[in-house]
Participant: 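I'd like to ask you about the structure that follows.
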Amino acid sequence: NNWDYTSSVSRMSKYLNLESLAVRRNISRLKMLFDVHHEIKIVGKTARPNSARCSDKRFKNIYGRIKSYSNSFLPFTIKQWNLLPRDIVNEKNELKFYDKIKNHLT
C-alpha cells in the first residue's frame, strides 16, 4: 500500500522476495503448456508429444519463417519445455511441477 511517487518498485519486489517479471512469465508459460499437455486446459490439438521421444514427454518443435511467429506462445514455450530436465518434464502432479519449475528457473 505504498503509493508514494518516490517509492521504488524494484526495492519493494526485492524486499518481498518476488521473482522478476521474466521469470514469472516463463513459469506461467510452462505451467500453461503443462496444463494443455495433461488436458487440464484444452486449447486445441496443435501441440502433440514427439512420438520419437514420447517417454520423455517432449514436444516436436514448431518452426516459422517469421520471427514474431517463432516468438509466439506455442513455438517459444515448446522450445523452453524441451530444454527442461527430465524429472520436471515427466512430473504428473500439477503442484509438484509448479514447485520444480519455480526452483529450476529461480
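Each residue takes its place number in the sequence, starting with 1. These numbers come from the heavy atoms of this one structure, side chains and all, not from hydrogens, waters or symmetry mates. All values reported here derive from a predicted model rather than from experimental measurement.
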Participant: Verify the ring-centre separation between His37 and Phe59: is it less than 6.0 angstrom?
Facilitator: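 Here the rings of His37 and Phe59 have centres that are less than 6.0 Å from each other.
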Participant: Please enumerate all residues that pass salt bridge (Lys or Arg N to Asp or Glu O under 4.0 Å) together with Lys102, with sequence neighbours excluded.
Facilitator: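 Salt bridge (Lys or Arg N to Asp or Glu O under 4.0 Å) list for Lys102, sorted by chain: Glu19.
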Participant: Write down the atom of Ser70, the atom of Lys79, and the distance for their closest heavy-atom approach.
Facilitator: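 Closest approach of Ser70 to Lys79, heavy atoms only: O-NZ, 4.0 Å.
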Participant: Let's go through Leu105 and Leu30 carefully: what are the C-alpha distance in whole Å and the side-chain angles of both, what is the deciding distance for side-chain contact (heavy atoms from CB on, under 4.5 Å) to 0.1 Å, and is it a yes or a no?
Facilitator: CA-CA 11 Å; Leu105 294 176; Leu30 290 166; 4.0 Å; yes
Participant: Any chain of hydrophobic side-chain contacts (each under 4.5 Å) joining Ile27 to Ile78?
Facilitator: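 Yes: a chain of side-chain contacts under 4.5 Å links Ile27 to Ile78.
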Participant: When rounded to the nearest 0.5 angstrom, what distance separates CG in Leu74 from CD1 in Ile62?
Facilitator: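 Interatomic distance, Leu74 CG to Ile62 CD1, rounded to 0.5 Å: 4.0 Å.
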Participant: With rounding to the nearest 0.5 angstrom, report the CZ to CG distance, Phe34 to Asn93.
Facilitator: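 Here the interatomic distance stands at 7.0 Å.
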Participant: Test side-chain contact (heavy atoms from CB on, under 4.5 Å) on Thr77 and Met32 and set out the steps.
Facilitator: CA-CA 9 Å; Thr77 308; Met32 177 65 163; over 6 Å; no
Participant: If you take all heavy atoms of Met12 and Ser7, which pair is closest and at what distance?
Facilitator: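 Reported closest heavy-atom pair: CE-CB, 3.9 Å.
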Participant: Which value, rounded to the nearest 0.5 Å, describes the distance between Leu21 atom CG and Asn26 atom CG?
Facilitator: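 Between atom CG of Leu21 and atom CG of Asn26 there are 9.5 Å.
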Participant: Is the Trp81 to Phe97 ring centre distance short of 6.0 Å?
Facilitator: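 Yes - the distance between ring centres of Trp81 and Phe97 falls below the 6.0 Å cut-off.
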Participant: Rounded to the nearest 0.5 Å, how far does OH of Tyr98 lie from OG of Ser28?
Facilitator: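 Nearest 0.5 Å value for the OG-OH distance: 7.0 Å.
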Participant: Write down the atom of Pro75, the atom of Tyr69, and the distance for their closest heavy-atom approach.
Facilitator: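 Minimum heavy-atom separation between Pro75 and Tyr69: CG-O, 3.4 Å.
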Participant: Do any pairs count as a salt bridge (Lys or Arg N to Asp or Glu O under 4.0 Å) and have a residue in residues 88-100, sequence neighbours left out, and if so which ones?
Facilitator: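 Listed once each, the pairs are Lys31-Glu94, Glu91-Lys100.
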Participant: Between the side chain of Ser13 and the main-chain N/O of Leu18, is any donor-acceptor distance below 3.5 Å?
Facilitator: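 Not at all, since once roles are kept as given, no pair shorter than 3.5 Å links the two residues.
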Participant: Checking side-chain contact (heavy atoms from CB on, under 4.5 Å) against Val89, which of Leu84, Asn82, Leu83 comes through?
Facilitator: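 Single pass found, and it is Leu84.
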